[in-house]
Amino acid sequence: MNDIVSVNGISKSFGPISALFDVSLSVQQGLVTAIVGDNGSGKSTLIKLLSGNLAPDAGTITVEGREHTRLTIAQALQMGIRTVYQDLSLDDWKNSYENIFLGHERMRGPFLDRRRMEWEAADLLKRLEIKIPDLTQPVRVLSGGQRQGIATARAMLQPGRLLLLDEPTAAMGIRESHQTMQLLRRLRQEGHTLLIVSHDIYQVFGIADRIFVMRAGRCIADIMTQDSSPEELHHLILEREQGVAE
C-alpha cells in the first residue's frame, strides 16, 4: 500500500522548547491514521508542518514519493492536503454556504452567484449526510457538530488526497462527538485517506486503522488497531512513557 505522506526525522523547536524530536511516521492511502497524545505532545505542531503553516528545523516531508525540506501552504493545497483545524477557522458572521465556498466563491460575471453556491453546498452536505436545516443562517448559531460538518465540507469541496483533522471532537458533548465520528466513518467508507489528531485513544480506536502515539515531542508507539485493543495500547503507552521519562 502506497504512502501518501511520510515524515522522516522531523524536529521542531520554539526557542528552548523542543516541540518535535526526530519524528518519523507515514500515512498510507485509503487508511485512517490517528496521532494521539496529551497536550504538549507535539500533535498539532506536526499537523501545522504537514499543512504548510510551519517549517521544520530538520528532517524531510515526502508526498507521493517527492521529498521536501518543508511545505508551504500553497504547496500543501496543490498536493491535495486539506486541513480542518481545531478552531475550525469559520467566519461566524457568514452563513453555511458562504463558509463552505470561502476563498472559492462562485461568480456570475462581477457578482457572487449565491444561488449556485447554496445549491452546490446543499448537494455536498447531502452527500456527506451533514444536516444543516437552514444554509442561510450565520454559522455562529450552529451546534459544535454542525460547525465541524461545515468545516469538513469546506475541506472536501476541492478534490484532495489527504484530509487532516486536528481534534475534530474537541469541546463537544457526547451526541455531537458521536455525529462527528459517524461523519468520519462515512468518509472512511468512501475510501478517503484521513489523518486524525486526538487526545482520546478510545474514541479513535473505533475508526483508525493505524495509531501513532506521541509524548513530549517523540513518537513512542506505532500500532495497527486490528492487532491490538484500547487496553493493550494504554498499557503500552504507560510502559513507553516510563522509558522516555527515565
Side-chain angles (χ1 to χ4, degrees), residues 1-10 20 23-38 41-51 61-65 76 79-86 127-130 145 148-149 151-153 155-156 159-170 172 177-215 218-241:
M1 194 171 291
N2 295 332
D3 287 345
I4 287 186
V5 173
S6 63
V7 297
N8 307 284
I10 286 288
L20 294 171
V23 173
S24 296
L25 54 83
S26 61
V27 178
Q28 294 180 316
Q29 184 174 1
L31 297 186
V32 176
T33 302
I35 301 175
V36 300
D38 294 331
S41 63
K43 308 185 305 297
S44 293
T45 299
L46 188 57
I47 286 290
K48 290 175 181 176
L49 293 174
L50 291 174
S51 61
I61 301 170
T62 302
V63 183
E64 294 284 347
M79 294 173 183
I81 299 174
R82 308 286 181 250
T83 308
V84 181
Y85 297 100
Q86 184 174 345
R127 180 174 66 81
L128 294 173
E129 298 183 33
I130 299 169
Q148 181 70 47
T152 302
M156 299 293 291
R161 57 167 58 98
L162 174 63
L163 181 61
L164 311 177
L165 299 114
D166 189 4
E167 297 284 2
T169 60
M172 287 186 188
S177 294
H178 179 68
Q179 291 173 343
T180 298
M181 295 307 291
Q182 282 185 318
L183 168 60
L184 300 183
R185 289 188 183 94
R186 288 195 294 272
L187 294 177
R188 177 190 185 185
Q189 290 169 358
E190 291 181 6
H192 295 284
T193 305
L194 310 180
L195 176 59
I196 302 171
V197 168
S198 178
H199 63 278
D200 192 329
I201 296 170
Y202 291 90
Q203 186 181 69
V204 300
F205 210 93
I207 186 174
D209 299 290
R210 187 179 189 180
I211 298 177
F212 292 96
V213 182
M214 301 285 295
R215 184 186 186 276
R218 298 172 184 263
C219 183
I220 63 171
D222 169 13
I223 67 108
M224 300 300 291
T225 55
Q226 65 181 7
D227 301 325
S228 186
S229 68
E231 291 73 25
E232 288 180 4
L233 180 56
H234 184 67
H235 289 309
L236 174 63
I237 291 170
L238 291 177
E239 291 175 2
R240 298 284 175 84
E241 285 181 342

Practice problem: Apply side-chain contact (heavy atoms from CB on, under 4.5 Å) to the pair Phe205 and Ile223, showing each step before the final yes or no. | Solution: CA-CA 11 Å; Phe205 210 93; Ile223 67 108; 4.1 Å; yes

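Taking both residues in full, the closest heavy atoms of Ser51 and Thr83 are given as CB-OG1, 3.3 Å, listed atom of the first, atom of the second, then distance. Minimum heavy-atom separation, Ser177 to Thr169: OG-CB, 3.7 Å. Among all heavy-atom pairs drawn from Ala208 and Thr225, the shortest one is O-OG1, 2.7 Å. For the pair Ser26 and Phe212, the tightest heavy-atom approach, listed with the atom from each and the gap, is O-CE1, 3.4 Å. When all heavy atoms of Ala153 and Ile130 are compared, the closest pair comes out as CB-CD1, 4.5 Å.
Contact annotation: the side chain of Leu128 approaches that of Leu187 to within less than 4.5 Å [non-hydrogen atoms, C-beta and beyond]. Inter-residue side-chain proximity for Leu162 and Val63 is flagged as unmet; no heavy-atom pair is nearer than 4.5 Å. Looking at heavy atoms from C-beta onward, Ile4 lies in side-chain contact with Glu64 at the 4.5 angstrom threshold. In this structure the side chain of Ile81 reaches within 4.5 angstrom of the side chain of Val5, judged on heavy atoms. Here the side chains of Leu50 and Val27 are not in contact, with every heavy-atom distance at 4.5 Å or above. Counting heavy atoms from C-beta outward, Leu163 and Thr152 have side chains that approach closer than 4.5 Å. Using a 4.5 Å cut-off on side-chain heavy atoms (C-beta onward), Gln148 and Gln179 make no contact. Under the 4.5 Å side-chain criterion, counting only non-hydrogen atoms from C-beta, Leu195 is in contact with Ile47.
Separation of atoms CD (Gln189) and CZ (Arg185) is listed at 9.0 Å; rounding is to 0.5 Å. To the nearest 0.5 Å, the span separating CG on Leu194 from NE2 on His192 amounts to 8.0 Å. Rounding to the nearest 0.5 Å places CG of Leu184 at 5.0 Å from CD1 of Ile196. Distance CD1/Ile201 to OG/Ser229: 11.0 Å, rounded to 0.5 Å. The CG atom of Leu20 sits 5.0 Å away from the CE atom of Met214 when rounded to the nearest 0.5 Å. If you take CG on Leu46 and CD1 on Ile61, they are separated by 8.0 Å, rounding to the nearest 0.5 Å.
Judged by distance alone, with hydrogens and angles left aside, the side-chain atoms of Arg188 form a donor-acceptor pair with the main-chain N or O of Ile207 at under 3.5 Å. Side chain of Arg82 to main chain of Met156: no donor-acceptor pair is present (N/O by atom type, distance under 3.5 Å, no hydrogens or angles). Asn8 contributes no side-chain N or O that, together with a main-chain N or O of Ser24, makes up a donor-acceptor pair within less than 3.5 Å. A distance-only check finds a donor-acceptor pair linking the side chain of Ser198 to the backbone of Asp200 [under 3.5 Å]. Side chain of Glu167 to main chain of His199: a donor-acceptor pair is present (N/O by atom type, distance under 3.5 Å, no hydrogens or angles). Although no hydrogens or angles enter the test, the distance criterion places no donor-acceptor pair under 3.5 Å between the side chain of Arg210 and the main chain of Asp222. Under a 3.5 Å cut-off, the side chain of Lys43 and the backbone N or O of Val197 do not form any donor-acceptor pair. Looking only at distances, no side-chain donor or acceptor of Ser6 sits under 3.5 Å from a matching main-chain atom of Leu25.
With respect to Lys48 and Asp166, no salt bridge is recorded, no charged nitrogen being found less than 4.0 Å from a carboxylate O.
Within 6.0 Å of atom NE2 in His234, 12 or fewer heavy atoms from other residues, nucleotides or ligands are found, so the atom counts as exposed in its surroundings.
If you check the side chains of Gln86 and Ser44, you find no donor sitting under 3.5 Å from an acceptor. Judged purely by distance below 3.5 Å, without hydrogens or angles, the side chains of Gln182 and His178 pair a donor atom with an acceptor atom.
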